[in-house]
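These notes are about the structure you will find just below.
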Amino acid sequence: MTTTPGQARSFPDSFVWGAATASYQIEGATTEDGRGPCIWDTFSATPGKVLDGHSGAVAADHYHRTAQDIAMMTELGLDAYRFSLAWPRIQPTGAGEFNAEGLAFYDRLIDDLLAAGIDPVVTMYHWDLPQPLEDAGGWPARDTALRFADYAQKVVESYRDRVKVWTTLNEPWCSSYLGYASGVHAPGRQDAADALAAVHHLNLAHGLAGRVVRDVLGEAGTLSLTLNLHVARPDDPSKPEDVDAARKIDGLANRVFLQPVLDGRYPADVIEDTSHLSDWSFVRDGDLVTTHTGLDVLGVNFYSTQRVRRYVPDHERTMADGHGASAASAWVGADDVEFLPQPGPHTAMGWNIDPSGMTELLTGLSRTYPDLPLMVTENGAAFADEVTAAGRVHDAERVSYVARHVDAVGQAMDAGADVRGYFVWSLMDNFEWAYGYHRRFGIVRIDYETQERIWKDSAYWYRELVRTHQIPAPESAPSLA
Ligand code: PNW
């Protein structure tokens with residue numbers, strides 16, 4: 001996959017092009033056909049937690065529109081579709097009885113995808129924890145990992161003949177630290193020790209579910225885990241304290257998830273950095289054998305980069321401006337790390353656009369784990385899309401964002417990284433967690449009044465990319481309409 005200047009970059013024929021979604025973000029139908037309540041139903045019904053009180057109750061109504069949505073994927077020419085199974089649909093209380101209607105919904109979805117020639121890439125857990133499991137302690141409780149193993153057994157056995165790629169978890173960083181430390185995600189708890197226990201029980205859940213995939217499918221299965229790895233650069237690389245700040249973030253965000261799975265251990269520096277918060281006694285004998293599944297492919301979600309330095313607390317300022325009791329941080333054990341504002345441009349999330357981080361992340365991973373295939377399971381951007389009088393969405397910024405990041409993936413491949421595919425986030429606009437419907441990541445627009453699907457320019461452009469395996473010129477998008 002070599003490129004000379006002026007020549008379009010092209011990707012191998014075997015490279016997988018896809019789009020991604022998640023159950024709670026698109027399905028709606030949260031009380032239909034026996035689905036049980038999940039932590040995001042509860043959280044979004046709690047005043048002040050989600051912007052404007054939005055919830056996933058209707059979302060993009062995908063539950064009732066799967067045929068139309070698969071037809072759209074076919075038109076886009078996708079090789080694969082990454083989606084998640086709603087645990088509360090399949091096992092409404094998170095324990096015991098399974099729900100035949102929930103199982104049947106994904107059964108049909110998988111069949112219809114295969115009939116359309118689209119590979120289903122299944123994530124078992126994308127944050128919709130059954131509420132009864134949260135009531136019993138949630139991810140800080142060890143039992144949640146054991147319950148997850150039972151659920152995994154059921155879904156892998158149910159779809160084993162048709163689903164090859166099994167991703168256990170999506171972004172356990174978010175589930176643990178945003179759910180239990182900063183509390184900006186469901187269930188909205190704020191306790192650093194709980195967040196660390198959640199980290200371990202999510203790793204354990206991966207390990208137990210990974211064992212199921214290996215036992216049931218053997219060589220026929222592809223075991224995966226998707227992480228939102230952070231590229232945190234020291235503000236001043238010549239300052240040891242800034243380099244140390246970056247090390248801390250790398251530990252808490254990346255190595256604490258990678259190492260138990262790929263190396264069978266926890267990073268000693270993370271345990272030390274957090275020792276004033278937790279004694280890590282939740283790690284029991286044998287756990288690290290369980291978590292140490294290895295992976296057939298690592299899923300990488302990438303959006304942005306971070307710049308960090310050693311934080312020197314300014315007590316006078318904090319007290320004067322009334323921010324003494326500041327919001328809880330997601331970065332447990334890193335109170336002395338400051339995240340600096342990044343130069344623009346930024347997306348509508350306020351995240352800076354820095355494709356070099358994608359190349360750095362993928363090449364870094366392939367240096368640390370030379371035999372580990374990689375897959376970009378999410379990359380994309382929210383922008384303030386507008387619909388023209390003619391009903392078009394000229395999202396040139398999104399086209400540019402995706403083009404530059406796909407090129408950055410190509411650069412990592414040129415440098416030797418074994419990247420097998422790319423999934424744009426997202427196939428369609430959806431419930432963007434704490435931001436509700438106020439952030440749009442789709443290459444297809446959802447009109448939430450009519451549930452109409454409207455192709456943005458980026459969708460036409462992406463179709464060209466998928467068809468040619470080359471990065472199309474940005475102008476080629478609208479002309480295809
Ligand atoms: C990921 N952060 O979430 C998720 O996998 C998707 O469900 C989500 O829609 C997408 O990225 C866009 O946000 C993240 O605060 C949420 O760093 C928050 C963060 C990162 C990823």
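Each residue takes its place number in the sequence, starting with 1. The basis for the numbers below is simple: all heavy atoms, side chains too, and nothing from hydrogens, waters or symmetry mates. One-based numbering, in listed order, for ligands and for the atoms of each.
Salt bridge annotation for R309-D236: absent, with no cationic side-chain nitrogen under 4.0 angstrom from a carboxylate oxygen. The residues R35 and D41 are annotated as salt-bridged, a charged nitrogen and a carboxylate oxygen being separated by less than 4.0 angstrom. With salt bridges taken as basic N to acidic carboxylate O contacts below 4.0 Å, none links D296 and K164.
Protein residues having at least one heavy atom under 4.0 Å from any atom of ligand 1 are Q25, H126, W127, N170, E171, W173, C174, L178, N228, N301, Y303, W351, E378, W425, E432, W433, F441, listed by chain and number.
Between D429 and K456 the shortest side-chain heavy-atom distance falls below 4.5 Å.
T168 pairs by the side chain to side chain donor-acceptor pair (under 3.5 Å) definition with H206, not counting sequence neighbours.
Between W173 and W331, the ring planes lie tilted relative to each other; the angle falls in the 30° to 60° range.
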